[in-house]
Amino acid sequence: MPKAVATEFFAEPTLDVAPRLIGMVIEANGVSGRIVEVEAYTNDAASHAFRRTARSAIMFDTYGHVYVYFIYGTNYCLNFTTECHHVGAVLIRAVEPLSGISLMQERRGLENVRLLCNGPGKLCKAFGIDLAFTGSAVGDEIRLYHGRAKAIATGPRIGITKAMDLPWRFWEEGNLFVSRKR
DNA sequence: TACTGGATTCACT
DNA sequence: GTGAATCCAGTAA
């Protein structure tokens with residue numbers, strides 16, 4: 001049996017938690033997948049963590065909880081809150097489908113497995129995740145397990161926002177490269 | 001109360 | 001490569 005991730009895992013600094021999420025297995029609503037791309041959000045003007053509001057308060061008050069927000073009128077984005085006594089969250093940007101693929105295909109209306117979860121909005125749709133999941137503890141409705149196999153779908157990728165510099169910086173396979181926001 | 005913009009996606013050219 | 005879709009949260013008045 002895979003080992004479930006403890007809530008205390010998320011109490012660490014966001015920038016430490018984010019890379020360790022790569023390769024872990026997320027399970028919800030009868031489907032599962034391996035995390036291959038994440039983005040860390042700390043107290044940064046480009047993120048919801050910059051200003052405390054009713055929506056973002058969960059990032060200030062909790063760690064190891066689910067934060068889902070709705071974007072562009074069409075998509076949901078899945079975050080896990082981090083850091084004890086400090087604001088932070090990690091956005092799950094892409095996963096590699098592992099089980100329940102037919103269910104994902106049905107939810108997405110798409111056959112190509114590589115395209116099922118290769119984006120934050122896409123994976124939420126494939127996993128059936130929406131705003132109702134916000135506030136639940138990781139391990140409750142959405143479960144997270146330590147994975148072993150190396151991610152292969154899009155390649156492991158970690159992003160960290162830093163609004164005062166360039167919007168996004170990505171590290172891939174040990175090499176730094178920069179991706180400007182559109 | 002009304003207005004504005006967004007951590008995206010997808011169809012179309 | 002470009003632009004529309006679409007609706008919620010935040011902000012201003």
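In this text the structure is predicted, and so the values were computed from the model without any measurement.
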Query raised in the report: Mind checking whether A:F9 and A:H146 have parallel, tilted or perpendicular rings, split at 30° and 60°?
Result: perpendicular

Query raised in the report: Do the side-chain N and O atoms of A:Y67 and A:H48 include a donor-acceptor pair separated by under 3.5 angstrom?
Result: yes

Rounded distance in Å - [atom1] ([X]) to [atom2] ([N]):
X	N	atom1	atom2	result
A:N118	B:dT9	CG	P	8 Å
A:L78	B:dT8	CG	P	14 Å
A:L115	B:dC10	CG	P	8 Å
A:Y69	B:dT8	OH	P	6 Å
A:N75	C:dC8	CG	P	13 Å
A:I71	C:dA9	CD1	C1'	10 Å
A:K125	B:dT9	NZ	C1'	9 Å
A:M59	C:dA9	CE	P	13 Å

Just to confirm, is there a sub-4.0 Å distance from OP1 or OP2 of [N] to any side-chain nitrogen or oxygen of [X]?
X	N	answer
A:K122	B:dC10	yes
A:R51	C:dA9	no
A:R108	B:dT9	no

Test item: [X] side-chain N/O and [Y] main-chain N/O as donor-acceptor pair under 3.5 Å:
X	Y	result
A:T134	A:V68	yes
A:E83	A:T14	yes
A:T82	A:V17	no

Requested in this report: State which of C:dT6, C:dA9, B:dA7 makes the closest approach to the side chain of A:R55.
Outcome: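 The listed nucleotide nearest to A:R55's side chain is C:dA9.
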
Query raised in the report: Given pairs defined as Watson-Crick or G-U wobble with both distances under 3.5 Å, what dot-bracket annotation applies to DNA chain C, with ( ) intrastrand, [ ] crossing, | other strand and . unpaired?
Result: |||||.||||||.

Query - Test log, rule ring pair (Phe, Tyr, Trp, His ring centres under 6.0 Å), inputs A:Y69 and A:Y76 - result: CA-CA 6 Å; A:Y69 62 85; A:Y76 296 102; 9.2 Å; no

Query - Stacking of A:F70 on C:dA9 base (centres under 5.5 Å, planes under 30°) - result: no

Query raised in the report: Which is it for A:D130 and A:K125 under the salt bridge (charged side-chain N to carboxylate O under 4.0 Å, His left out) test, yes or no, and what are the steps along the way?
Result: CA-CA 8 Å; A:D130 59 24; A:K125 189 171 182 181; over 6 Å; no

